[in-house]
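What follows is a set of notes on a single structure, which appears directly below.
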Amino acid sequence: MIEPKKFWDKTAARYAKSPIKDLKSYKRKLAITQEYFQADWSVLEFGCGTGSTAIHHSPYVNSITATDISEKMLDIAKQKVKIASIKNINFKQGTLGSLKFEPDSFNAILAKCPEGLDHYNTGRSSPYRI
């Protein structure tokens, strides 16, 4: 089985070109999420891929830390943010378990794959400490 980082690095360019399969639902999800945001919030998104969700949410919060396991995905995301002149998104490469954040660093945590949290559900592990 291919390592996740290698898989997503290899897939990044193709993924970036692929259209969102259900654009109507995606836009609805964005709108619902944005209703909860406050202008002074700091948000963590893990599994940000090419940064599209972070870009859509950036006008609604103070800052977004967007993370992904794939450096290639983040390269695409950084380019998109640069082109759009967005200043409040910071990208970090790594996993939720490998990246270090101070407790209570974020007002919200976003994840496209909540099942990725399953192996963190013990005690005060990663998502619970941030």
Side-chain angles (χ1 to χ4, degrees):
M1 184 169 176
I2 189 168
E3 177 186 331
K5 182 184 180 326
K6 287 181 183 178
F7 172 82
W8 287 111
D9 280 345
K10 183 178 178 180
T11 308
R14 186 176 66 226
Y15 178 87
K17 293 176 187 173
S18 64
I20 295 169
K21 289 184 170 108
D22 185 351
L23 189 57
K24 183 179 177 183
S25 292
Y26 178 70
K27 286 183 177 184
R28 179 165 159 61
K29 180 189 80 165
L30 291 173
I32 290 168
T33 304
Q34 289 162 359
E35 289 176 10
Y36 290 94
F37 288 152
Q38 295 180 25
D40 62 343
W41 275 18
S42 293
V43 174
L44 171 67
E45 180 186 7
F46 74 92
C48 73
T50 62
S52 296
T53 298
I55 290 167
H56 283 290
H57 288 325
S58 66
Y60 299 90
V61 298
N62 182 55
S63 66
I64 297 177
T65 299
T67 71
D68 202 273
I69 195 170
S70 168
E71 193 65 47
K72 300 280 188 195
M73 289 285 212
L74 292 176
D75 289 344
I76 295 166
K78 290 172 187 176
Q79 186 62 29
K80 289 164 65 173
V81 164
K82 183 178 178 180
I83 290 168
S85 299
I86 296 170
K87 304 292 184 200
N88 66 336
I89 301 175
N90 178 41
F91 294 102
K92 293 185 180 277
Q93 191 274 325
T95 64
L96 189 59
S98 71
L99 295 168
K100 305 299 180 212
F101 299 107
E102 292 296 317
D104 302 318
S105 298
F106 302 100
N107 303 99
I109 300 173
L110 306 178
K112 288 188 186 104
C113 301
E115 63 273 8
L117 290 173
D118 286 348
H119 63 284
Y120 291 108
N121 283 338
T122 57
R124 299 274 301 161
S125 58
S126 296
Y128 303 99
R129 70 176 166 76
I130 53 179

[X]-[Y] side chain donor-acceptor pair, cut-off 3.5 Å:
{"X": "Thr50", "Y": "Lys80", "value": "yes"}
{"X": "Ser52", "Y": "Tyr26", "value": "no"}
{"X": "Asp9", "Y": "Ser70", "value": "yes"}

Exercise. Could you state the interatomic distance from CD1 (Ile109) to OG (Ser42), rounded to the nearest 0.5 Å?
Worked result: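 So the CD1 of Ile109 and the OG of Ser42 are separated by 12.0 Å.
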Side-chain donor or acceptor of [X] paired with backbone N/O of [Y] under 3.5 Å:
{"X": "Ser25", "Y": "Asp22", "answer": "no"}
{"X": "Gln38", "Y": "Asn62", "answer": "no"}
{"X": "Thr33", "Y": "Lys29", "answer": "yes"}

[X] and [Y]: which non-hydrogen atoms are nearest, and at how many Å?
{"X": "Gln93", "Y": "Ile69", "result": "NE2-O, 2.5 Å"}
{"X": "Ala54", "Y": "Ala66", "result": "CB-CB, 4.2 Å"}
{"X": "Cys48", "Y": "Leu74", "result": "SG-CD2, 3.6 Å"}
{"X": "Phe37", "Y": "Val61", "result": "CG-CG1, 3.5 Å"}
{"X": "Gly49", "Y": "Asp68", "result": "N-OD2, 2.7 Å"}
{"X": "Phe7", "Y": "Thr11", "result": "O-OG1, 2.7 Å"}

Quick one: do Phe101 and Thr67 satisfy side-chain contact (heavy atoms from CB on, under 4.5 Å)? Show the steps, please.
CA-CA 12 Å; Phe101 299 107; Thr67 71; 4.2 Å; yes
### Message
Working note: Ile86 + Ile89, criterion side-chain contact (heavy atoms from CB on, under 4.5 Å); need CA distance, chi angles, decisive distance, verdict.
### Response
CA-CA 7 Å; Ile86 296 170; Ile89 301 175; 3.8 Å; yes
